[in-house]
Amino acid sequence: MTRAVSIFGATGSIGQNTLDLIRRDPTGYRVVALTGGRNIRQLASDAREFGAEIAVTCYEDCLPALREALAGSGVAVAAGQEALIEAADRPADWTMSAIVGAAGLAPGFHGLRHGRSLALANKESLVTAGPLLMAEARAHGARILPVDSEHSAVFQALVGEDMDAVERVIITASGGALRDWPLERLSQATLADACAHPNWDMGQRITIDSASMFNKALELIETKEFFGISPEKIDTVIHPQSIVHALVGFSDGALMAHLGAPDMRHAIGYALHWPERRALPVERVDLAKLATLEFRAPDTERFPALRLARDVMATGGGAGAVFNAAKEIALDHFIAGDIRFTEMAPLVEDTLDAMSREIRLTDAMDSLETVLMTDHLARVRASELAQARQEQSA
Ligand code: NAD
Ligand code: MG
């Protein structure tokens, strides 16, 4: 049976890995929508290759280039936020949500409204709007399939299990590019330093988030929201080899671990073929060759993002949206060279403090509009705080 699929963020790391799997089964899929940003060459070439119904760039100024690149191909073209939503409203059996950042929330949300499967790589959706997104899925009979490697691992370890028997969930963290740097040198870390991930080949933003452990912070919250597990049962452990992705501990003391090569095509493929398990072109783990798997507790002084994630989980409500928005702004400023690597967490913490004085952070996010408004306010506040920081250090 041919399945209709749409990929949001098709030109990114997750998007390209998804297309790699789809390419291997030419008769298995029909591509509805592919979306991207400024990489028009990639977007157009994929849209042609897969005969997509429509190709969308999120940037209006890129539309002429996209139109030209797809002239005569029969692929419709569009640009901008509304076009992304319209593309998400086109019926598809399976949608990949792989836009980076809170920008991925609205398209994923719309994708759910048609009662389809939403493969969710965009962790920001669950961090900013977890309860809302899960309720929306239930209301429309849609399935959310986790694509973050840790969450796919937990999802797989839970097959056939009773949630009441789950005692704890442990998601592993590689520790990122700066894991072994002396603490006192961290403030000197450059963009290039933070981008040198030891195990995973990913987009730039998540790679830096791995070095700061903001990625793991987001994933702790993602675990709480997706599986409905209380925060005190969720933990993370540094595992430099990135072979064990997550472990689920049960009431009888058993610990079910998920092992696999660090290749996102595993989690993507599991979500693509679910509920079946099909062959995937990923490297097989050779335990004897690996010889050692190490685990150690994360140093909270080195990774303040983890402590912030605990606060966010305890607060609930709008705290996740503020946390994520502030983190995105902090990351923008670090990438631009405006603030130091070690200034990102204090900026996020200050934004949470400032916002908690302006709005009641514990209030539930009752609509997509409320989430987007909270996200917007937090970005404004974080930008002001970043500016103030820069002026101070100048
Ligand atoms: P990436 O930067 O490689 O790709 C991002 C995609 O989103 C691109 O197609 C880009 O054009 C598009 N995009 C960027 N900004 C946009 C905007 N404002 N509006 C619409 N589209 C926009 O990112 P990635 O590494 O593939 O990550 C995608 C998502 O998956 C993120 O949420 C990330 O946290 C998550 N994720 C990624 C990995 C990985 O291995 N890369 C693993 C787990 C989770
Ligand atoms: Mg992950």
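Positions are given from 1 along the sequence. The shown structure was predicted, so the numbers you read here are calculated from the model rather than taken from an experiment. As the structure lists them, so they are numbered: ligands from 1, and atoms in each ligand from 1.
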| query | What is the ring orientation for His239 with Phe295, classed by angle as parallel under 30°, tilted 30 to 60°, or perpendicular over 60°? | reply | parallel
| query | Relative to the ring of Phe155, is the ring of Tyr270 parallel (under 30°), tilted (30 to 60°) or perpendicular (over 60°)? | reply | perpendicular
[X] side chain to [Y] side chain, donor-acceptor N/O pair below 3.5 angstrom:
{"X": "Gln188", "Y": "Asp193", "answer": "no"}
{"X": "Asn215", "Y": "Glu219", "answer": "yes"}
{"X": "His151", "Y": "Thr223", "answer": "yes"}
{"X": "Ser149", "Y": "Ser152", "answer": "no"}

Give the residue, atom name and distance (to 0.1 Å) of the protein heavy atom nearest [atom].
{"atom": "atom 3 (O) of ligand 1", "result": "Ser13 N, 2.9 Å"}
{"atom": "atom 5 (C) of ligand 1", "result": "Val100 CG1, 3.7 Å"}
{"atom": "atom 9 (O) of ligand 1", "result": "Thr11 OG1, 2.7 Å"}
{"atom": "atom 42 (C) of ligand 1", "result": "Met264 CE, 3.6 Å"}
{"atom": "atom 34 (O) of ligand 1", "result": "Lys123 CE, 3.2 Å"}

Where ligand 1 meets [X] - atom numbers and elements under 4.0 angstrom, heavy-atom basis:
{"X": "Asn122", "answer": "32 (O)"}
{"X": "Ala121", "answer": "30 (O), 32 (O), 35 (C), 36 (N), 44 (C)"}
{"X": "Ile206", "answer": "25 (O), 33 (C), 34 (O), 36 (N), 37 (C), 38 (C), 42 (C), 43 (C), 44 (C)"}
{"X": "Met202", "answer": "39 (C), 40 (O), 41 (N)"}

| NZ/NE/NH1/NH2 to OD/OE distance under 4.0 Å, Asp20 and Arg24 | yes
| field | Asp61 and Arg38 ion-paired at < 4.0 Å | value |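 The answer is yes: the pair qualifies as a salt bridge.
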May I ask which of [options] has a heavy atom nearer to [atom] than the others do?
{"atom": "atom 37 (C) of ligand 1", "options": "Asp263, Ile14, Asp201, Asn17", "value": "Ile14"}
{"atom": "atom 44 (C) of ligand 1", "options": "Ile99, Asp148, Ile268", "value": "Asp148"}
{"atom": "atom 11 (O) of ligand 1", "options": "Gly37, Gly101, Pro107", "value": "Gly37"}
{"atom": "atom 18 (N) of ligand 1", "options": "Ala103, Ser149, Gly104", "value": "Ala103"}
{"atom": "atom 25 (O) of ligand 1", "options": "Gly203, Cys58, Gly9, Gly12", "value": "Gly203"}

Heavy-atom contact under 4.0 Å between [X] and ligand 1?
{"X": "Glu124", "answer": "yes"}
{"X": "Gly36", "answer": "yes"}
{"X": "Ala98", "answer": "yes"}

| Non-hydrogen atoms of Met96 and Ala121 that approach each other most closely |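 Closest pair (atom of Met96, atom of Ala121, distance): SD-CB, 4.2 Å.
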| field | Any donor-acceptor pair under 3.5 Å from Arg379 side chain to Glu328 backbone | value | no
| request: Please check if the side chain of Arg205 supplies one atom and the backbone of Leu331 the other of a donor-acceptor pair under 3.5 Å. | output: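 No, Arg205 side chain to Leu331 backbone: no donor-acceptor pair under 3.5 Å.
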| Point-to-point distance, once rounded to the nearest 0.5 Å, from CD1 of Ile234 to CD1 of Ile170 |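 Spacing of CD1 (Ile234) from CD1 (Ile170) equals 11.5 Å.
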Measure from the Mg ion (ligand 2) to every N/O/S atom of [X] and report the name of the nearest one.
{"X": "Glu219", "answer": "OE2"}
{"X": "Glu150", "answer": "OE1"}
{"X": "Asp148", "answer": "OD1"}

